[in-house]
Structures are given as structure tokens and as C-alpha cells.
Protein chains: 2
Amino acid sequence: MTTPQLTKNQSLVFDVLEKAEGPLSAYTILDKLRDHGFRAPLQVYRALEKLLEYGVVHRLESINSFVACAHPGENCHSHGIVAFAICESCGQVMEFHDHEVDHRLMAWVRGQKFKPEKTTIEIRGLCETCAA
Amino acid sequence: MTTPQLTKNQSLVFDVLEKAEGPLSAYTILDKLRDHGFRAPLQVYRALEKLLEYGVVHRLESINSFVACAHPGENCHSHGIVAFAICESCGQVMEFHDHEVDHRLMAWVRGQKFKPEKTTIEIRGLCETCAA
DNA sequence: ATTGCACACGTTATAGCATAACGCAATTGA
DNA sequence: TCAATTGCGTTATGCTATAACGTGTGCAAT
Ligand SMILES: [Zn+2]
Ligand SMILES: [Zn+2]
Ligand SMILES: [Zn+2]
Ligand SMILES: [Zn+2]
């Protein structure tokens, strides 16, 4: 899927996420955009829905937050499963792909005749700096 | 860690989860226990906190729900990372462990000097029955 | 040109998930 | 006995997400 031209709200939300140091909750994004006319959560959630669809933003299920894709330009949807390491102290997120992990997980679910749609891999812990 | 004797509330919550067909939200558990005197969400969340600590219940981050461990008797914490396949149609959950997946993920984070604490792997999709 | 449709947007209200803060009672162990 | 710990009950609050309604705009088919 190619990323279409973003609408005004989508651009605003994406810019906030791109400039952020780490993942943001929808309500944090809302607060950062009040000066730009945002008044309600739905304005954020509707933009996020599209950005997720385009693959330029990821949702971190374990912390109810959103982060800009770390691979600008590429289409993250084509990399297979995306995994995240999330520092619980500073919020920094590392994003990576591992085909062997994909392969093992998909082999297992196929063996169960399970049809996968969306996979979440999130490792919470401490980044190098915060663990020191 | 060995599982201590459960308190009354912990037993009630655990029994509800064990008898359930699939994962339940905390508020669903609350509703099922109103006849037993439960009145407030905290009664459920406090019991869940302990059950998670003992490893007899798992939290499914992607659907804000809780499920009894599929490996009664064993201590699930000792199996390394636990992965779940969650049917989005019927709610059925399959739980499994894969040491190779653990190994790859842990090797990657070690390479980043990241110190992992808790890992979530959740595959949402359709089970064999629902995909037919 | 008019109609119909798709889509983004704005607003209000509501639903669903989780914890803070207080106090009380029972247990334990010094 | 006294202090510390743990579980429990209650009230209130905060955070996350969506339902339902209406508006306006652009565009294609008639
Ligand atoms: Zn990405
Ligand atoms: Zn950190
Ligand atoms: Zn388990
Ligand atoms: Zn199913």
C-alpha cells in the first residue's frame, strides 16, 4: 500500500509523533494540538486510524500509545511482523524485524490452522542508558 | 515461585476465569461476581494483580482481558516467553511457548544492551472453526 | 446542472478500562 | 504489646476509546 497525501489533521498528528522522543497516548497528542484547533479525542483517533492503516505509525498495545514508524520511506507493512523494545524508564522505543521469529510464529499458528491477521510483539524493560 | 494459598477473592476471580470459554475483561469478571458480594473494580484488579504475580493468570494486552493459564500445575513463568493466538471471532485463546522465538528476541535485545523485563506476544486472527 | 456518493471533519455524549486515596480488620513476628 | 504487613471495602477520579449525529467538500454518473 502506498501512502496517500495526508490530510491536515493527519499531518498534524503525524508531525507530533515524529517530533516526539517516544510514544504518546492519544490524549497527550490531543493536548499538544489544542493550539492547532483540536478539541476532541475523535480528531486524534480518526487521524491515527488512517496513519496506522498507511503503516507510518504503530500502536503499542501494552502501553496504549502510538509511535511514528522508525523506517521512514520504507513501507513497514512489507517487513512482516514488527517487534518493539520499550524502555519503561525513559520511554524510548526500538523497532525491529526478525524473519526467523516471524517464521516460527507463523509456522506454529499454521499448524493450529489458525489464520493470523495482526501480531503484536512488545518487550518492556530498560534501555542501555536507563539500566546503567 | 510457588503459588501460595489463594484468598477468598483471588479464588473467586480465578474460578471465574478458569470456567470461562475465553478471556474476560476485569469488568466482566466483576459482573459475574456481584452475586458473591463484589461491588467495585478494585476488588477484581487486586485479585488479578496477585494471580498474575503467581503466574496462574495471563493478561492479554491487545484486548484488555485476562485468561487462566492453559498449563495448570506447571509454573508458566518458568517457560520463558508465552505467546498467544487469539481468535477475534469467538475469543478462544491458544497459549504456547517457543524457545527459538525467545532466543532470537533475547539475542536481539542483548545486542542492543536492552534489559528485558516482560514480553508480550499476541497473534490476533481467526481460529480454525471461525475461519471456515 | 443535478444528484448521489465517499470522505474528512466537528461536536456531544457515552462506554470501557484502571487506579488513587482513605479507612478498617486480621495476621504476624519482634 | 506494638509495629508492620496484607487483604479488604468504598468512594471518587482519571485515562482510553467509540457511538451517534450533523456539516461541508470534492467528484463522478446521469
Ligand atoms: Zn515501522
Ligand atoms: Zn531508557
Ligand atoms: Zn500460562
Ligand atoms: Zn474462533
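None of the values given here were measured: they were computed from a predicted structure. Letters A, B, ... are given to chains in the order of the sequence lines, protein chains preceding strands, and every chain is numbered from 1.
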*Nearest heavy-atom pair of A68(A) and E95(A): which atoms, and what distance?*
O-OE1, 4.5 Å
Strictly below 4.0 Å: does [X] bring a side-chain N or O up to OP1 or OP2 of [N]?
X	N	result
N9(B)	dG7(D)	no
S25(A)	dT16(D)	yes
Q43(A)	dC9(C)	no
T7(B)	dC8(D)	yes
K8(A)	dC9(C)	no

_Counting C-beta onward and ignoring hydrogens, is there a side-chain heavy-atom pair between N9(B) and H36(B) closer than 4.5 Å?_
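Heavy-atom side-chain distance check fails, nothing below 4.5 Å.
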_Using a strict threshold of under 4.0 Å (side-chain N to carboxylate O), is an ion pair present between K50(B) and E53(B)?_
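Result for this pair is yes, salt bridge flagged.
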_Lys/Arg-Asp/Glu bridge criterion (N-O < 4.0 Å) met for R124(B), E61(A)_ =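 Looking at E61(A) together with R124(B), the answer is yes, because their closest N to O distance falls below 4.0 Å.
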*Is there a path of hydrophobic side-chain contacts, each under 4.5 Å between heavy atoms of I, L, V, M, F, W or Y residues, that connects F84(B) with L126(B)?*
no
Please give, in whole Å, the distance from [N] [atom2] to [X] [atom1]?
X	N	atom1	atom2	value
L6(A)	dC7(C)	CG	C1'	15 Å
Q5(A)	dG26(D)	CD	P	15 Å
I63(A)	dT16(D)	CD1	P	10 Å
R59(A)	dT18(D)	CZ	C1'	12 Å
R39(B)	dA12(D)	CZ	C1'	16 Å
E49(B)	dA18(C)	CD	C1'	12 Å
Y45(A)	dA17(D)	OH	P	4 Å
F38(A)	dA17(D)	CZ	P	16 Å

_I'd like to know whether T120(B) forms a side chain to side chain donor-acceptor pair (under 3.5 Å) with E122(A), so could you lay out the CA-CA distance, the side-chain angles of the two residues, the decisive distance to 0.1 Å, and finally the verdict._
CA-CA 5 Å; T120(B) 296; E122(A) 296 174 16; 5.7 Å; no
Select one nucleotide: of [options], the one nearest the side-chain heavy atoms of [X].
X	options	value
L42(A)	dA18(C), dT11(C), dG7(D)	dT11(C)
N64(B)	dA21(C), dC17(C), dG7(D)	dC17(C)
R46(B)	dA8(C), dC8(D), dG7(D)	dC8(D)

*Go through the structure and list residues passing ring-ring contact (aromatic ring centres under 6.0 Å, His included) with F14(A), not counting sequence neighbours.*
none
*Given DNA chain D, 5'-ward residue of the pair G37(B) and F66(A), judged by closest heavy atom*: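 First, find each residue's nearest nucleotide; the 5'-ward one identifies G37(B).
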*Which residues within residues 27-36 of chain A lie with some heavy atom under 4.0 Å of an atom in DNA chain C?*
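None - not one residue of the stretch has a heavy atom sitting under 4.0 Å from the strand.
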